[in-house]
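Read the structure below first, then the notes.
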Amino acid sequence: MRIYDTLGTKEKEITSNLIRIYLCGVTVYDESHIGHARTIIIFDVLRRYLESKGSHVKFVQNFTDVDDKIINRASTEGVHPLELSKRYIDHYFEDFDSLNIMRATEHPKATEHMSEIIELIQRLIDSGYAYIALNGVYYSVSKFNEYGKLSKRKTEDLIAGARIAVDETKNDALDFALWKFSETEPNWPSPWGKGRPGWHIECSAMSLKYLGEDFEIHGGGRDLIFPHHENEIAQTEAVTNKPLAKLWMHVGMVTINGEKMSKSLGNIKSVRHVLANWGPNVIRLFCISGHYSKAIDYSEDLLKENLVKWRQVETAYYEMIMSEGQGSSKEMAQILSECNSEFDSALESDFNTSLALNAFFKLVKAINRIAASDSMTKTIADLVISDFERMCQILGLQVQKVTERQRFEITEMINQREALRSQKKFQEADKIRDQIHAQNIVLLDHKNRTVWMKKEKILADP
RNA sequence: GGUGAGGUGGCAGAGCGGUUAUGCGUUCGCCUGCAAAGCGAAUCUAUAGGGGUUCGAAUCCCUUCCUCACCUCCA
């Protein structure tokens, strides 16, 4: 498959059978929001796709659990910083498990990798890339000739942009902290004095530890290109002398009314909030509805649009498992092979989830069309369902299933309703329908029979 | 100011030199005891403006305008 590489500014073929991915995770000082979710969903689908093709994926996603923002927030709340970060790590897993995100192979935390971080900083000092100053240990940007290669920035331009904080103790305005001296907690002993790591070094240390010196894909949100990923490159490549990753993949921002979600604008939509209203499947569909590299604009209208699509998926699934129509499977076999190849080739070509979704919905619509004409046979359903489920698996979509017992009970109720309907006792029949409804079961009355489906309960669904 | 990514029908969104992608929406119909869901048909001939290259441009080049992101923490 080919993916656009931010560093090389062109698409690159991924051929290896072992695919090591490092995704920059969140700094755990607050609830995760939909912007985080988009990046994580994109990488989750990527990983699922690669695994479905038989690749071995080693997926590492970190938590930055020591940082100034965590410390500040903790002090406002009057709790220990590590207690705060633990709380948000717990929340992270609650949210993202609910979103049906596969757990990474490793979820390393900065605080659990101090020895690796200290060792890496020491190597940078020893090789002359870092120096000890009054407030901490700094990386000397001017020593790294290729600085700016990822973000396409020249160091002159960076200096010209007068937004860099002036710090008298640094040798150069562009230098950034590897280690910040601190006498207060959280702090750790180091050869240079008690303190805590700077922002970028934990990712260098942990990616080296878990994925080695030149893994396949390094990713994150677009906003991490500078300075985070640029600095990771500087730190890691200074000691390894080889490209940190073969490919850099960056996910576009989620905006609201065209503007990026941010604390200062107060337009954050938390994952828990959106999840409570729309559920995991609608959010996942929304997040992959456009090409990953572009921004997507959050709106209730678009969520609503994806809700409608999700209902079509649920319908298609139940039409298949309850199929008993008469008809030939020729047409479906043709459509199926088209959809399969369109789905895969879309993802092969720079992970175009938008087009892959088109192929998926083409299949969904074909299933519903055939079911509507009462010609969905068991043969067709058997032919289609495994591919349908393959796509769902890759996209991380989960239709609500029912137990055999529920199935039996519902069938009983439907039979009662049918009996009442044939006697034209519609009021009583509708009462049963309402009872079934209360269990989130929707009846789909076809010409000669009634099919039913279990709907995901979605609060926003009127 | 610098750097990068963009501007496609009411909305979303592909295509990135050569059949009016597609989806949602809207309208009308079918189905139904009524619904719901689904299906069918119709609707919209779009490519920011202006130049140019070409037999042919949404796609390439120039130019103007606009938007967003990054340059400070950010997924």
Side-chain angles (χ1 to χ4, degrees), chain A residues 6 9 23-27 29-30 32-43 61 64 67-69 72 148 151-154 156-165 174 199 219-228 230 250-255 258-264 268 286 289-291 293-297 299 301-302 304-309 311-312 314-316 318-319 342 346 349 352-359 361-362 364-365 367-374 420-422 424-427 429-430 433-434 437 442-447 450-453 455:
Chain A
T6 311
T9 67
L23 174 65
C24 283
V26 292
T27 300
Y29 72 105
D30 206 342
S32 299
H33 57 67
I34 287 296
H36 300 124
R38 154 117 117 144
T39 301
I40 288 160
I41 288 168
I42 292 287
F43 274 86
Q61 183 187 335
T64 299
D67 165 273
D68 289 353
K69 286 196 295 298
N72 294 340
S151 57
K152 322 295 173 211
R153 253 156 243 218
K154 296 189 179 74
E156 306 92 83
D157 295 338
L158 285 169
I159 295 161
R163 294 169 77 177
I164 295 159
L174 296 182
W199 175 33
R222 286 202 90 80
D223 54 351
L224 293 184
I225 294 173
F226 190 89
H228 187 57
E230 196 70 71
H250 290 103
V251 178
M253 298 292 99
V254 175
T255 59
E259 282 177 313
K260 184 178 160 183
M261 277 190 194
S262 76
K263 281 267 145 59
S264 52
I268 300 280
F286 166 71
S289 63
H291 191 262
S293 65
K294 288 189 175 179
I296 51 169
D297 203 49
S299 73
D301 283 353
L302 287 179
K304 179 82 211 307
E305 188 173 323
N306 284 292
L307 171 63
V308 170
K309 293 183 181 180
R311 295 302 187 204
Q312 294 173 347
E314 290 178 312
T315 306
Y318 277 93
E319 289 287 7
E342 284 168 20
S349 168
N352 195 327
T353 51
S354 179
L355 281 181
L357 237 28
N358 273 184
F361 283 110
K362 184 169 157 185
V364 166
K365 286 193 163 293
I367 293 165
N368 288 337
R369 191 180 69 241
I370 286 167
S373 66
D374 242 345
L420 292 164
R421 284 176 80 199
S422 60
K424 299 206 186 301
K425 292 180 179 169
F426 295 121
Q427 272 196 340
D430 287 352
R433 183 167 66 188
D434 292 343
H437 253 274
V442 177
L443 304 184
L444 312 171
D445 288 339
H446 285 0
K447 281 195 186 82
T450 299
V451 168
W452 55 270
M453 60 183 260
K455 289 206 302 187

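Throughout, protein chains are lettered first and strands after them, A, B, ... in sequence-line order, and every chain is numbered starting at 1. Not measured: the values here are computed from a predicted model.
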message: Quick check: closest heavy atoms across A:L443 and A:W452, and the distance to 0.1 Å?
response: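 For A:L443 versus A:W452, the nearest heavy atoms are CD2-CB, 3.7 Å.
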task: State, to 0.1 Å, how close A:C24 and A:H228 come at their nearest heavy-atom pair, and which atoms those are.
output: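 Distance-wise, the nearest heavy atoms are SG-NE2, 3.5 Å.
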Quickly work out the [X] [atom1] to [N] [atom2] distance and round it to whole Å.
X	N	atom1	atom2	answer
A:L420	B:rU32	CG	P	19 Å
A:N306	B:rA12	CG	C1'	9 Å
A:K309	B:rG38	NZ	C1'	17 Å
A:D430	B:rG33	CG	C1'	8 Å
A:R153	B:rA5	CZ	P	12 Å
A:K260	B:rC70	NZ	C1'	8 Å
A:R433	B:rC34	CZ	P	11 Å
A:H291	B:rA21	NE2	C1'	17 Å

OP1 or OP2 of [N] sitting under 4.0 Å from any side-chain N/O of [X]?
X	N	result
A:N352	B:rG15	yes
A:K365	B:rC24	yes
A:K294	B:rA14	yes
A:Q312	B:rC24	yes

Basic-acidic side-chain contact under 4.0 Å: A:D430, A:R433: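 Yes, A:D430 and A:R433 are salt-bridged.
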- prompt: Under the 3.5 Å rule, do the base of B:rG25 and the side chain of A:E305 count as making a donor-acceptor pair?
  reply: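 Absent.
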query: Where each residue is assigned the nucleotide of RNA chain B containing its nearest heavy atom, which of A:E259 and A:S293 is assigned the position nearer the 5′ end?
result: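 In this pair, the answer is A:S293.
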- request: In whole angstrom, give me the gap between the P atoms of B:rG51 and B:rA58.
  value: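 Here B:rG51 and B:rA58 have their P atoms 14 Å from each other.
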message: Using atom P in both nucleotides, what's the gap between B:rA69 and B:rU59 to the nearest angstrom?
response: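 My reading of the P atoms in B:rA69 and B:rU59 gives 26 Å.
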task: Answer with base, sugar-phosphate or nothing: what part of the nucleic acid does A:S32 contact at a heavy-atom distance below 4.0 Å?
output: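 Contact class for A:S32: none.
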message: Using Watson-Crick or G-U wobble geometry with both distances under 3.5 Å, which nucleotide pairs with B:rC65?
response: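 Pair assignment: B:rC65 / B:rG7.
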